[in-house]
Amino acid sequence: MTTHDEGQLVTREPAEVPERFENPGLPDHRLRMADVDEAAAKRAERQVAALFGISALGSIITAVAYFAVKLDHDLAFVDYLDRLQLSNFLLGIGLFMALFGIGAGAIHWAKTLMPDDELIEYRHLQRGTDAERAEAVRILAEGGEESGVARRPLLRNSLIGALALVPLPALYLLRDTGPLPGKQLSTTLWKEGVRLVRDPEGGPVKATDMTIGSIVHIMPEGIDEVEHAIDERAKAAVLLLRLEPKDLAEESKDGAYNGIIAYSKICTHVGCPVALYEQQTHHLLCPCHQSTFDVTKNCKVIFGPAKRPLPQLAITVDAEGYLVAKSGFKEAVGPSFWERG
Amino acid sequence: MSTTSKVAGSVANWTDERVGASKLVRGLARKLFPDHWSFMLGEIALYSFIVLLLSGTFLTFFYIPSVGETTYNGVYAPLNGTRVSEAYASTVRLSFDVRGGLLLRQIHHWSALIFVASIIVHMFRVFFTGAFRKPREINWLIGSTLALLALFEGFLGYSLPDDLLSGNGLRIASGIILAIPVVGSYVSFFAFGGQFPGEAFIPRIYTIHVLLLPAIFLALITVHIGLVFLQKHSHYPGPGKTNDNVVGYPFFPVYTAKAGGFFFIVFGVTALMSAVFTINPIWAYGPYDPSPISAGAQPDWYMGFLDGAVRLVPGFLELHFWGYTLSLNIALPALILPGILTTVLFLYPWIEAWATGDRREHHLLDRPRNNPTRVGIGVMALTFYSLLLISGGNDIVATHLRMSINDITNTLRASVIILPPLAFMVAKRIALGLQRKDREKVLHGRETSRIFRTEDGEVFELHEPLTPHARWTLVQHDAYRPFEPEPDEDDSGVRRPGARLDRIRRRLSRFYFEDRVEPVTPTELAAAHHAHVEAHGEHEAVEHAEAQPELTGGQH
């Protein structure tokens, strides 16, 4: 081992070399300015007080902002927004100053004026001593003996049985949190003859209104009048598009009318609305996970995490020329589930 | 005696006579805590939690947890006449009509983000420094549970306003629940009280968000911090610090001021962020409706990795057989993957302990480099996580870089498989390299930038040997060696019980400790000096002539 004493390289005999280095112990404590200079300590004290002063100022700013900046409903909308922004800003800045001042002051106080000698505390093994452990074992054994749990197996076994059963109510009490799914995941409000209406503005769609390349968001007529309308909307949303009839896939033409074609808008992946349409490529894109469906291939998935195509809603026109459903959906719309098939 | 100390004295007496407070003060007030910036990460999480409780309580005074339909008529003109839920309308009113409402809402949301972020960074600190080792495994489990619950709590919280963005998030959640094999549709109907979205979900998650989970948090955090007190805080290696002591400052007054002050700073900075940065402007998103959606929809950042995983897994994994559907494309990233990650996370302390076979208590933290394989594993996890997080914003990446979303997704699909192992190797090598640098420094001293040329024309740089204090940090650690089991069979050819398990353990142990750089021993340092003196003996003369007693020549 070599050590350095006053620049002399002292080489000791190998016999003295320990296997590992030894912990040299805490470095010398260095005094801070405030420890040696009373003026510096005074200065630190004033700085801490100033930070606490900033906090008090912040609290006052908060009070002023709360009472002076009125959220007056008579203001014009744009002015109201400005006022709200001002209120939010002043309240927030005031709160920031009020809190930060206290925090910074306390920390500055601790760092400059409280003792900064590093102290040492010794640790003890977490485990008890052997005597303590033996005592604990003895107490538990004695208690166990007193309870008679080992001597009376009937008590033990019946208790285990009772404890095994007691969580059951927690399970069946949850049964009424909801009805069984039944057919609800597989049905929508669409059926033969239901008119397609625009969403959200309402109003039926004439086949002649649909220009090539257009896309319309559709709901079944009367959906807002039914019970639990929002649940029905979550299943019945439809996209109506018009393409050149020659662009449509052969198997989709039966349910289309003159190049006008309708697909479920609910993604077959996890159910987001497939709302982005790329007119040039005829691709529908789900903005949640980017499943891409090709309308010219009967909405087959051409990219992304979905597996199944968007179900087609067969449509035709009624006597007045409005678009109606030819039938309901032939399969469940939306995300997959186990018993969907 | 001043009036203040008289009052303080009588209060102290009153308390002591009733609860024996003097014993508590003796035990706790002078308890030492070590100082290090990285110990403040967990503090940030704790303080954010308090900020969340305070701000959240304020929000409950105005928020209505109901999806009952109402027509919004208020100061936010663009929404006037819109049919919205009570939850949404009350959140808009809370933001626009209540003085300070917007501020408190933004404080609540910002501190939720800070809460989760600080927990995760805190976990990485604990991981890389080996703070999870015996006796702190319980706190690793509690902390991991808190981290998972924090993600869940955050998700429930931002779903409460019933706005378009969070509503689509719930739609995704319902889709994931539906993907649970066999019982998915039943679980979904029980959770939502029927079809999605239904009317039951918002009030239910409200109770869970404001009552159940905060109570669990409070209990777990209490135990978490109680254990820190009980076991005494771990500390970084350094001169004077040992496995048997704790070097630091007393809880009172130093940490009362520092930690108490830090609470105010965390709260204050959250207030500042909320004063100047808008977050979650639900009025701009609009109320939830299952049909519309906005492009570039993003969950809060901490759900991003899960969403990213769901984006990456291709659709062909959805299987159809015997009239049933198994959506592995959803179950794999959203249910199975989190399950595996969580299991590994919870078991990690025991995996590593099995490899080291070390049963001792560890109160001295590792410098991360001194366990290169652990560094590799951590960086691998971080890489995997980051890639999933990026995948959660693959559409944003695509629009910003003007690249094809398909190319980006395919690249990310390959990356999540290829890059994490690469990151493991690179990080492990970097850690080993840092260890070698430490050795180099100990053996040959610090470079001084002082170049000398001898009369023979040899050029060398002076190296300054480390002081024992500076050296200690670099040489104090133990290097584990791989576990070598006894032979499988004894002399008479009888197989030893447990031999197979030992072989697995040997493989694991080799994985950890095959590549290692051991700390310099005094013998090695002495040998290095001998070699140096033999090679450059004459340099000593130079030094001494230069009157630089603390300098010696380096050997290159």
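The sequence lines fix the lettering, A, B, ..., with proteins before strands; numbering per chain opens at 1.
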Which residues share a disulfide bond (SG atoms under 2.5 Å apart) with A:C288, sequence neighbours left out:
A:C272
Between A:Q290 and B:T409, do the side chains contain an N or O donor and an N or O acceptor separated by less than 3.5 Å?
no
Is it the case that the side chain of [X] and the backbone of [Y] share a donor-acceptor pair, with hydrogens and angles ignored and the cut-off at 3.5 Å?
X	Y	result
A:R123	B:T242	no
A:Q184	B:Q195	no
B:K258	A:A110	no
A:N23	B:W472	no

Taking all non-hydrogen atoms of both residues, which atom of [X] and which atom of [Y] are closest, and how far apart?
X	Y	result
B:R99	A:V69	CD-O, 4.4 Å
A:G25	B:H469	O-NE2, 3.0 Å
B:V520	A:F21	O-CE1, 3.3 Å
B:D97	A:L71	O-CD1, 4.0 Å

For residues B:F267 and A:F100, establish whether the separation of their ring centroids is below 6.0 Å.
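No, the ring centres sit 6.0 Å or more apart.
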Interatomic spacing from CZ in A:R308 to CG in B:N329 - rounded to 0.5 Å:
9.5 Å
Taking the inter-plane angle between the rings of A:W338 and B:Y324 on a 0 to 90° scale, is it parallel (under 30°), tilted (30 to 60°) or perpendicular (over 60°)?
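Answer is parallel, since the angle falls under 30°.
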Who passes salt bridge (Lys or Arg N to Asp or Glu O under 4.0 Å) against B:E69, sequence neighbours left out?
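For B:E69, the residues satisfying salt bridge (Lys or Arg N to Asp or Glu O under 4.0 Å) (neighbours in sequence not counted) are B:R83.
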Below 4.5 Å, heavy-atom pairs only: which of [options] has the largest tally toward chain B?
options	answer
A:A237, A:P335, A:P287, A:S336	A:S336
A:P181, A:A65, A:G103, A:A275	A:P181
A:G92, A:P305, A:G178, A:A106	A:P305

State, yes or no, whether a side-chain contact exists between B:S185 and A:R340 at a heavy-atom distance under 4.5 Å.
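No, every pair of side-chain atoms sits at 4.5 Å or beyond.
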